[in-house]
Number of protein chains: 2
Amino acid sequence: MSLQPVRRESAVEAVLDQMHAQVASGAWAVGDRIPGEHELSARLHVSRPAVREAIRALSHVGVLEVRRGDGTYVRSAADPRPLLRRVERASLRDVFEVQLAYDVQAAKLAALRRTPEDLRRLEGLLRNRDAAEDPADFGEADSGFHLAVAETARNPLLTEAFRFFRHRLRESLSAVREDRDLPEGGPERHHAVLAAIAAGDAEAAGRAAALVVAPTLRALEDVL
Amino acid sequence: MSLQPVRRESAVEAVLDQMHAQVASGAWAVGDRIPGEHELSARLHVSRPAVREAIRALSHVGVLEVRRGDGTYVRSAADPRPLLRRVERASLRDVFEVQLAYDVQAAKLAALRRTPEDLRRLEGLLRNRDAAEDPADFGEADSGFHLAVAETARNPLLTEAFRFFRHRLRESLSAVREDRDLPEGGPERHHAVLAAIAAGDAEAAGRAAALVVAPTLRALEDVL
DNA sequence: CAGGTGTCAGATGTCAGACATCTCGCGGTT
DNA sequence: AACCGCGAGATGTCTGACATCTGACACCTG
């Protein structure tokens with residue numbers, strides 16, 4: 001008989017779990033007003049600050065909305081926690097593959113929606129990237145170019161998703177691979193992305209974007 | 001001179017803003033232990049429960065990690081809040097475009113990684129989808145198929161991202177378009193996705209997946 | 001000397017109680 | 001019908017006290 005670690009859950013985590021379950025099950029539907037803090041405190045047999053901490057966490061991620069003096073409402077039943085938990089533990093390959101999906105979609109949309117000013121900006125950023133010699137400068141310039149492509153797509157949601165995942169990716173890389181740089185397609189592949197975007201060719205832009213990341217994924221397959 | 005609404009920020013929101021700024025600026029770097037609750041309370045001139053609420057919110061999204069008895073550490077500087085805020089306010093088109101990126105990437109990876117059992121499962125789900133008559137059943141079967149494709153990709157991060165965004169998409173749709181169904185590619189396009197996945201042809205699978213969503217995006221362009 | 005145990009300071013976790021401030025609904029007045 | 005004032009009920013914030021945990025350090029034993 002093997003002994004299992006005893007995990008004692010905090011009061012706030014227990015409240016969070018119950019609240020999530022209420023929302024997920026539809027007992028508290030989107031638009032509903034949930035019971036007040038005092039009532040939840042009494043019902044759940046925890047202190048009111050514990051209830052408040054749970055509510056604060058859920059309002060921070062957009063699940064609940066607190067209206068002072070009025071009550072607390074359910075704004076969304078889409079719980080981001082599984083995603084956020086997963087991104088904390090995701091392998092580099094997995095993050096790169098998601099990031100690739102963004103890169104490709106951003107390039108396609110950029111090709112459809114770019115303006116002359118966008119193109120000038122992208123050209124400048126690519127020049128910066130080509131000219132960067134110091135690894136920190138290079139990383140910055142590379143990120144700057146990719147992010148600008150995402151912004152050229154004119155889908156703010158895609159841009160924010162891109163930004164968040166890229167930031168996480170950078171952290172995972174520095175935590176694990178301080179000593180080793182992963183390869184990425186060189187200048188000519190980046191120029192090919194820009195050329196396809198300039199030509200307004202979405203399919204070519206998507207293919208070119210995929211070619212930029214391909215060496216990275218290949219290197220990850222070799223290492224893992 | 002126009003008068004502006006006075007927005008009074010709560011103590012907890014002010015603490016959150018300052019903590020975010022500390023993390024984003026690198027003053028509190030990943031791995032660092034931040035000052036304790038009592039110290040922050042004294043320094044920020046707010047009560048300790050206010051500090052606790054802020055810390056709870058940040059630990060909920062993975063930015064901070066609380067170790068009872070030890071202290072509170074910075075786990076990640078990648079703040080998901082801009083993304084989560086954006087997804088709350090995103091247009092249907094924007095969400096669909098991000099979802100499309102997932103669908104395409106999932107189909108491509110599924111083509112590379114599917115097993116015979118995956119294929120049997122996908123076939124069954126597609127049969128369910130074809131047979132569904134009631135709109136609620138149909139929506140469920142459709143989601144089931146798309147999600148199974150994402151799972152076949154064997155990238156858990158992609159699957160969770162897919163799940164979250166699709167849930168949000170569904171909520172946006174029911175909030176705005178209770179009375180109107182958006183078109184999606186019919187059975188033959190879904191079967192084409194499955195055929196490409198079965199054939200192990202990633203490019204064809206990606207193209208087929210894009211064709212499934214194309215009518216939806218076209219309809220959105222017409223409406224918006 | 002190495003390993004184990006106990007103690008303590010400092011950290012988070014939780015609570016009760018009190019008061020401040022806001023919102024909304026209702027009743028009364030014009 | 002529109003407006004105003006009031007009050008109940010809601011969230012917002014604080015103080016102070018105590019509980020529980022962690023890590024570092026000192027001490028003891030083999």
Side-chain angles (χ1 to χ4, degrees), chain A residues 3-20 22-23 27-76, chain B residues 3-20 22-23 27-76:
Chain A
L3 300 178
Q4 301 294 333
V6 178
R7 271 200 56 251
R8 291 173 42 88
E9 186 174 49
S10 77
V12 180
E13 294 299 328
V15 174
L16 275 168
D17 290 343
Q18 289 204 49
M19 283 184 168
H20 270 301
Q22 290 291 97
V23 172
W28 294 348
V30 175
D32 279 2
R33 183 177 166 288
I34 71 168
E37 295 170 359
H38 286 284
E39 188 179 339
L40 287 171
S41 170
R43 273 214 234 158
L44 297 172
H45 288 194
V46 295
S47 69
R48 195 174 144 222
V51 170
R52 289 185 56 81
E53 282 189 37
I55 287 172
R56 178 70 64 172
L58 291 178
S59 71
H60 193 70
V61 294
V63 170
L64 297 181
E65 177 187 4
V66 178
R67 298 180 204 149
R68 175 174 175 170
D70 185 5
T72 301
Y73 294 80
V74 180
R75 189 194 267 144
S76 165
Chain B
L3 300 178
Q4 301 294 337
V6 179
R7 270 204 51 255
R8 292 174 41 89
E9 187 174 48
S10 77
V12 180
E13 293 300 328
V15 173
L16 275 167
D17 289 344
Q18 289 204 50
M19 285 184 165
H20 269 301
Q22 289 291 97
V23 172
W28 295 347
V30 175
D32 280 1
R33 184 177 165 290
I34 72 169
E37 295 170 358
H38 286 285
E39 188 178 338
L40 287 172
S41 170
R43 274 212 234 162
L44 297 171
H45 288 194
V46 294
S47 69
R48 195 175 143 219
V51 170
R52 289 185 58 80
E53 282 188 39
I55 287 172
R56 178 71 63 173
L58 291 178
S59 70
H60 193 68
V61 295
V63 170
L64 298 180
E65 177 186 4
V66 178
R67 296 181 206 150
R68 177 176 175 169
D70 185 6
T72 302
Y73 294 80
V74 180
R75 188 194 265 145
S76 165

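The stretch residues 47-67 of chain B touches DNA chain D through S47(B), R48(B), P49(B), A50(B), each having a heavy atom under 4.0 angstrom from the strand. Interface residues of residues 27-38 of chain A facing DNA chain D, ordered by number: R33(A), G36(A), E37(A), H38(A); criterion, heavy-atom separation under 4.0 Å.
In this structure D17(B) satisfies the salt bridge (charged side-chain N to carboxylate O under 4.0 Å, His left out) test together with R81(B), sequence neighbours excluded. Judged as a side-chain contact (heavy atoms from CB on, under 4.5 Å), and not counting sequence neighbours, the contacts of Q22(A) are A27(A), W28(A). In this structure E65(A) satisfies the side-chain contact (heavy atoms from CB on, under 4.5 Å) test together with R67(A), R75(A), sequence neighbours excluded. Not counting sequence neighbours, the partners of E39(A) by the side-chain hydrogen bond (donor to acceptor under 3.5 Å, both in side chains) test are R43(A). The side-chain contact (heavy atoms from CB on, under 4.5 Å) search around A57(B) returns R56(A), H60(A), L16(B), not counting sequence neighbours. When the side-chain hydrogen bond (donor to acceptor under 3.5 Å, both in side chains) test is applied to S76(A), the partners found at least two apart in sequence or on another chain are R168(B), E171(B). Evaluation of the salt bridge (charged side-chain N to carboxylate O under 4.0 Å, His left out) rule for R33(A) yields no partner, not counting sequence neighbours. Not a single side-chain contact (heavy atoms from CB on, under 4.5 Å) links A42(B) to another residue, sequence neighbours left out. For the salt bridge (charged side-chain N to carboxylate O under 4.0 Å, His left out) test, no residue two or more places apart in sequence or in another chain qualifies with R68(B).
Protein chain B contacts DNA chain D over a range whose 5' and 3' limits, counting nucleotides with an atom under 4.0 angstrom from a non-hydrogen atom, are dT13(D) to dG23(D).
Counting to the nearest Å, the P atom of dC19(C) and the CZ atom of R68(A) are 17 Å from each other.
Applying the side chain to side chain contact (heavy atoms under 4.5 Å, CB included) test between Q18(B) and each of L44(B), L40(B), V23(B) identifies L44(B) as the sole match.
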